[in-house]
Structure formats: C-alpha cells, structure tokens
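Order of the sequence lines fixes the chain letters, A, B, ..., with proteins taken first and strands second; residue numbering starts at 1 for each chain.
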Amino acid sequence: MKDRFDKSTLKSATYCTFCPKMCRFACPAAEFSGDEAFVPSVKVGALWEYSRERGDFGVARYSFTGCFFCLECREYCYHEIDVPSLMAIGRSIVHAYQPYEKTIEIRKNIETSGNMFGDQLAWNDLSFSRVIEKEVVIFPGCHVLKYEKEMLEKAFAVLERSNVNFAGLPEEAVPACCGYPLHALGDIEGFKEHAAKVVQSLKTVATLVTLCPHCAYTFKNIYSSVGVKVPFEVLTHVEYLSQAIRFVPERILHDPFIYHDPCYLGRHMGLYSEARQLVWKAVDDVAEFLHSRGDADCCGAGGMVPYINESLADAVTEARLKDVDERYEIIAPCPHCRLRFRDKGRVALDIFDIFERAIR
Amino acid sequence: MIPESLKRELKSLLGDRASDHPAHLKAYSRDMWPFLLIKIQEGMNIPPPDFVVWPRTVEEVSVVLQKAADAGVPITPYGGGSGVCGGAVPEKGGIVVDLKLMRNIRMLDRESLLVEVECGYNGERFERYLQHRGLTLGHFPSSIYCSTVGGWVATRSAGQLSTLYGKIEDMVEAIEVVLPSGEVFSTRKKPRSASGPDFNQLFVGSEGVLGIITSTTLRLHNQPETRVFRGIKFKDVYAGIESIREIMQRGIKPSAVRLYDELDTLLVASDLGGEKGEKKEGFLKTLMMRAQRLALSYPSITRGLLNIVPGECLLILAFDGTSREVEWALGESLEICKEHEGVDQGEKPGIAWWKDRYKVSYNMSPVFYGGSFVDTIEVAGPWSVIPKLYDEIRKAVTRQAVILAHFSHAYPDGCSIYFTFAATGGSGEEKLKKYTDIWQAAMEACLSAGGSISHHHGVGRLKAPFVERELGGAYGILREIKKTLDPRGIMNPGVMGL
C-alpha cells in the first residue's frame, strides 16, 4: 500500500491530516452535509493512515465518497494541497478491494457502448447542414448526448450562423465518453484502457472542442497523468467561442439570468472571465451568486458523487440553490451542473442556449 | 455504552441523520487538541463516541437530550471541532450531537443591528452573509474558516479585531439553550437589563456542560467606512507593551493590536515585509524546517542561539471608523509609540498581516510533518502583571520547548499574551508526557504570576486541572449550578473538570 505514496503525495497527505480543518467552510461536502467525515483533513487523514499501513477500509470507503473534486478547498490552502488527486488515490484503493457498486456497472457500460449510461448515444441523427473543414471537431460528451440533444442542435445553429469550421465525428466511431467517470471512481486501469481507445479514434483530429468542462479537463490533464498522450489540441467550448467566434446577436436578452461557475471550468482550468464575457454579448445583465468565481460552491455533480452518495449530492445542489430566487435562469456552461439544477426544478442554460435565443 | 434501544429510537427519529458508522465514530473522536494530534501522529488509540446525530431543529435537540438523560448517556455537543483544548472530545463515549445542520438565519433586524442565527452556521459564511448586506459582526477568530457561531459562544471566543468590536460575550444579546432535561430555555432580546443577573453570560463559555446552545441573537455593526494599518518597531517587547497600555488608557480604540516578541517577529512577522525580515526568514526556515527536530530537541540551546540574533519587536495597529476618526486615533497612537522610541514602518506590515491573518493556523502541519508537535497558550493579565507573566511562562517552558509570543486583545486594564511552543520527543508516550509537563509548568507559572489561564480558547479537558484555582470560590457555585441543571451529569462530562 505504501507504494501509492511518493514523497510529494505523502507530504501533502500529512500536511492535510494535521491541518486544523482550515478549508472546512469551502468544502461543499463537509459544509452542506455537516458530516465531519467529509472534511478534507479528515478524509485525507483516512488516506494518510494507509501510508502508515493502518488504514481502515470501512472508514476510507465511506469518507472517500464525500469529495466532489471541486478544488474549492485549495482556494484556502496555503500549502496548495490537491485534495482531488489524493482522493483519486483513495478511490483507487477502494476500487482495488471493494469497488463502489456503480463503478462495475459504469465500467461495463463504457466497455460495451462507449458511455457510462449503456445507451446507444449518437448524434448523427441531428440536423446540421454544414461541414466546412474536418479540422475542428465538436466532442459533446455523454451528458450532452444523453440529456441535451436540443442544446446540441442550438449549438450547431449558432456555429453555422457564425461561419465556423466544425465537423462531426471522424469516420471511425468515437466513444461518447472521455472516461472521466472511471477515473473519478478509482478505476484507473479501466480509465487508461478507455483513454487509449478514445485517442486512437480521434487521431485525425487537429482541434477538439468539448461541450463539457469535465471532458476538457480529462483530455488536457488526466490523460497525461496515466501516460496517454493527447496528440490534438483540446479546447472548451468557452475557449473556442472566445477565440474563434465573432458572435453578433439579433437582440439583447433582458431575462433575469444568474451565472454559475462550473468547478472544472473555473477552479480547474481558470476560465472565469471568458464565459462571462461571452454571456455579456447577448444579455443586458447577469447576476452573480454570493459565492462565485474561485469561491463558487459545487453544484453537486462533481467527482461522480451523485452515483456513490446520492443524498450528499442532493444536499449540495439544494444548498447551492437555496438563496437563488426562482425567477433566475441559471447560466452554467457545464452539462453536469445543468442536469443537477434541472433535477431541482430550475431552468439551466448553456451559452449556446443564450446565443441561440439571441438570434431567434 | 449506549443502549441499542436508544440507537433504534434515534434512528427512527432522525433517519440517516443518526449513525454509528465507523467513519463517523472515528471522525468525531477528536477535535483539534494537539494532545490527540500527537496520538494520531503516533498511531495511538483515541476512544470514539458510540453514536452521532445531526439534528436540524431545536425540537430534535430537545428530544435527543431527553432520551439521553433518561438513559444516562453522555452527550458531547459538536460544532466545527476546531477547539484546541479537547472541549468536544467524547472521552466517555455516548452521543455526539453535531449541530452543523442548524444553520438558519432566523431574523435580521437592520434597524436595531441584530441578527438571530442558529448555532451551526459556519463563521466565515456567516460573516460573508453579513458583509454582503453591508454589515459585520466584527468577530474574526483565526478559526473563522472552520468554527461555528455556536462554538464561538460556547467557548467564549475572541476575534482579531476584538479591541474595537469586543469579544463574543459583548456581542450576545440573547441566547437559546436546550437544557439537559430537554427543556428549551431562552433569554429575551434587550440591549441591557438590571433585572437580576445576566443569564446570557451563564451560558457564554459554558463549553457544553450546562446544555446545548442552539441559537443566539448577536449585535452587529455597519461596515466601517475605512480601515487603516500601521507597523511600528520597538527595540524590545517592554517598550511595545508600555505603548499599548498608554494607547488604551488614553481612550484610543484600535481595532487590532498585535505586538510580536523578538522571536515571533523573526518567525512570523518577518513574513510581513521589510528587507531584514526576508533575510531572517531564510535563516529561520533553515533552522526550523531542515533541522527542526534537532532545534526542538535542545530548546534551551536553540533559544540561546536565537538570543544572539539582534531582536526587534513589531507592533501592528489597525483602526476602523470614519476617515476623521482613524486619522485622529492613528496620529495619537504614533505619538505615543514615538515617545517609547518606536519607529514607524508604514502601512505595509499591517496590510500584509491582514491579508495573511489566518496563515498562522496553517503552520501546524509542517511541524507535525517533521515529527514534532506545536501548541498555543493564551493567557491574560492586568498591565501590572503582564511583564512578569510573559517572563515567567517563557522561563517555565523554555527548558522543554521553543516558545515565542505576541500580545493582543488589549484593554485599558491589561491584555492577552499568546504563546506558541514547539517541541519534540522520541516515542509517543514521551511526547505526550512532555506535552503534559509543558502545560503543567506553564499553567503553574501563569497562576503564580497572577494571570488568567485562558483568554479565549477556553478550558476543555486540557486546562480542567487548573480551573478551580482560576475561579476560586466561583467554581463551587458553578459545580452547584451544574448539579441543578444536569443532575445525571450527562453534558460533556469531564470538560472544565465538571
């Protein structure tokens, strides 16, 4: 077990274990459940015990469900400890001994159908009329394909109107999923195998534009951490729209909007202003959450928590929405966030939804 | 031990907000008492509670206490678990009542500047809620990120701007407490009353031994128009102490007053700017990080070596108010400091301190990573006693630990001294013995010099052996109150020696 801890990991785990819980308020799992077992220093402490060969599997298995990989804790950590990376190690221990029930099902689904849902997720039935050049490829990701085909059509409409280079999938079938669910659930080997397949199927691509920040982060950062080289450029749709689009709205929207910072877009990739600047092209006002940008609380979707600790995910989503007036439509450039908010009865929109409304 | 029937009843009442999962029992076996951190460091056993509950309402707290009292099961109230004296440690097992799901704002009265808040509200989130509305509580303990409003009240806490805004006891206008019988007791909101003793103050600082504080009404402030900072350097700590005394006795009210002694100026305040400081930080990093265990193994020699380094003491002052108010207060204060040969360092050290004001709490980890341990001792005394209190505690501890201090939370009649000590040892048992010996020596020195054993961390289990000497005759009265309110002794048994 000790071999999972290199010098740097051990130092981070020890520092976190003996910290007086300074990031507690910033951890949505700890703060909104009230559960001390989810405080970063406590759950990392459960991992640290493994470096001393005295880990308690029952304690660890439960505690490690309480991390959204949102990185908000690091905003308040002078030692800049990366708790999601430590929790990924923790979950790999769980996977090695007694995987979370959902992991087995998700692994099987990804192996058989290329996505975590086990559905035949396709986008070829969608109506998009123009493939200008096969240079820029849109990678919608499994959540958009499963839940938001309508938004995808709107995205194509906006891109088409903006004379953008984009394409469908390469000729070879591409899995709908980047593999994030496997990595987040600790199935590192399964993830590695899947990542290699995805890269192989995208080998002709020059630039991949993801509609999901989880996918972008996974391609940009996690693939290389398991030794899978990504031979193409990866951009979030926020980056791509900022760099490549000259979007001109037909009208400015006056509806009440509020902007939510997705964790992977914001804290993980530092994209705060870019999304806002895009939104401002089409709306005359957008409100901010009390906790926004680096302080934005997770929506409750990260780290696959909805699949391994549903009640915790619900508590965090409800807390995020608690003080938000129902008249607001929430702009969240992440399909995971939107799904959580819609599940709680709120209207949640992507930037493409906003743009499409502004040209309708 | 808790009867299985009671567990079933509580699970039936609270659902998944009642648990005996091993992860919960382990997580709630400790707070941030360094004695227990040494045990964790050394892989030693810490007795867990038998059960954990998370009530959402005062009614649920009431039912839990009634049932626990009927069964004679110990109760440990739990907020943020950030206390450093073992006040939230369920040493005798029983039920931990975690209050963090009680986090509603019940009332905000902007006209009277009052807020009624439930006890589980996190400190930082609470202050942000207020600041978003142009208000502030003015309470900034260094634990604000991890502590709760209820914990502040239960431990009689103080914040870093307490010299102006007061301590938590000054902020409490009313309080709601569930007594051990399950009865809900609350005081009325009023700015002051001459109708007998103040029952708010019976529960402020009661550390969970008399009941569970479920909500409190706190006095607020509008956010200050401006806040200015100043750093002043003195040739020694005594000149700085005299300056603070004169500032306070002239009727000036800085929001923050922090005077670092020579070693604290080297170690901590050197982060706060100035070329000299940066140079010394390099030296100290080498000493304290790379040779930490060696330095801490021979604390007297380390102290002797550090004494060779020419020392200076840094005073940080902050002033809140209107521009005119702070201009006057700053000018007067600088005049006083100049009379004591204080040298104005400008605003930079103070701004840097404010920016990193909670940073000191993160310094525990590297010491434990190095195999050593660290703790803090916060005492108080009148000005006539302060120099002696400072000298005697340092003398008592230096044989076993490296110790440094700063002076803060100033009043016209005295102030607090906040010592930090770090030490090391061989086996776990040796470390625990050394830790206990250091505290014994420090508390004896404090009481002999005429100081108070706690300014704002409370008593907990750590200082329980000394609290009777601190309170004198009042301790007997406290014991009788405890017997009356909690005849079965279920509330936080052992804390404060009760």
Inset, instruction - Would you sort out whether Tyr369(B) and Phe18(A) count as a ring-ring contact (aromatic ring centres under 6.0 Å, His included), showing the intermediate values? - result: CA-CA 8 Å; Tyr369(B) 178 64; Phe18(A) 290 96; 9.6 Å; no
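Annotation: Glu310(A), atom CD; neighbour count of heavy atoms from other residues, nucleotides and ligands within 6.0 Å does not exceed 12. Annotation for Glu53(A): atom CD counts as buried by contact number, over 12 foreign heavy atoms lying within 6.0 Å.
Side-chain N or O atoms of His79(A) include one that pairs as donor or acceptor with a backbone N or O of Tyr362(B) at under 3.5 Å. Proximity of a side-chain donor or acceptor of Tyr28(B) to a complementary backbone N or O of Glu36(A) within less than 3.5 Å is detected. Without hydrogens or angle criteria, Arg103(B) side chain to Phe32(A) main chain gives a donor-acceptor distance under 3.5 Å. The closest donor-acceptor contact from the side chain of Arg125(B) to the backbone of Phe25(A) lies under 3.5 Å.
The distance from atom CZ of Phe368(B) to atom OG1 of Thr14(A), rounded to the nearest 0.5 Å, is 12.0 Å.
Closest of all the heavy-atom pairs between Lys21(A) and Gly81(B) is NZ-O, 3.3 Å. Across all their heavy atoms, Ser365(B) and Tyr15(A) have their closest contact at OG-O, 2.7 Å. Minimum heavy-atom separation, Ala23(B) to Ala37(A): O-CB, 4.1 Å. Listed here is the closest heavy atom pair of Ser33(A) and Leu101(B): O-CD2, 3.3 Å. In this structure, Ser142(B) and Met22(A) approach most closely via the heavy-atom pair O-CE, 3.4 Å.
Looking at Tyr358(B), both its backbone and its side chain come within 4.5 Å of chain A, counting heavy atoms on both sides. For chain B, no part of Phe38(A) is nearby; none of its heavy atoms comes within less than 4.5 Å. Looking at Glu31(A), both its backbone and its side chain come within 4.5 Å of chain B, counting heavy atoms on both sides. In this structure, no portion of Leu99(B) lies under 4.5 Å from any heavy atom of chain A. The part of Lys322(A) that comes within reach of chain B is its side chain, from C-beta onward, which places non-hydrogen atoms under 4.5 angstrom from that chain.
Contacts with chain A were tallied for Arg17(B), Met32(B), Arg30(B); Met32(B) has the most, counting heavy-atom pairs under 4.5 Å. Ranked by heavy-atom pairs shorter than 4.5 Å toward chain B, the options Asp295(A), Asp56(A), Leu10(A), Thr17(A) are led by Asp295(A). Of the residues considered (Arg128(B), Glu124(B), Gln41(B)), Arg128(B) shows the highest number of contacts with chain A, using heavy-atom pairs under 4.5 Å. Looking only at heavy-atom pairs under 4.5 Å with chain A, the residue among Ser19(B), Pro22(B), Ser82(B), Gly43(B) that has the most is Gly43(B). Options Arg61(A), Glu49(A), His291(A) differ in how many heavy-atom pairs under 4.5 Å they form with chain B, and the most are formed by His291(A).
For Lys26(B), the side-chain hydrogen bond (donor to acceptor under 3.5 Å, both in side chains) criterion is met by no residue, not counting sequence neighbours.
Using a 4.0 Å cut-off between charged side-chain N and carboxylate O, Asp35(A) and Lys100(B) make no salt bridge.
Between Asn363(B) and Tyr78(A), every side-chain heavy-atom pair lies at or beyond the 4.5 Å cut-off.
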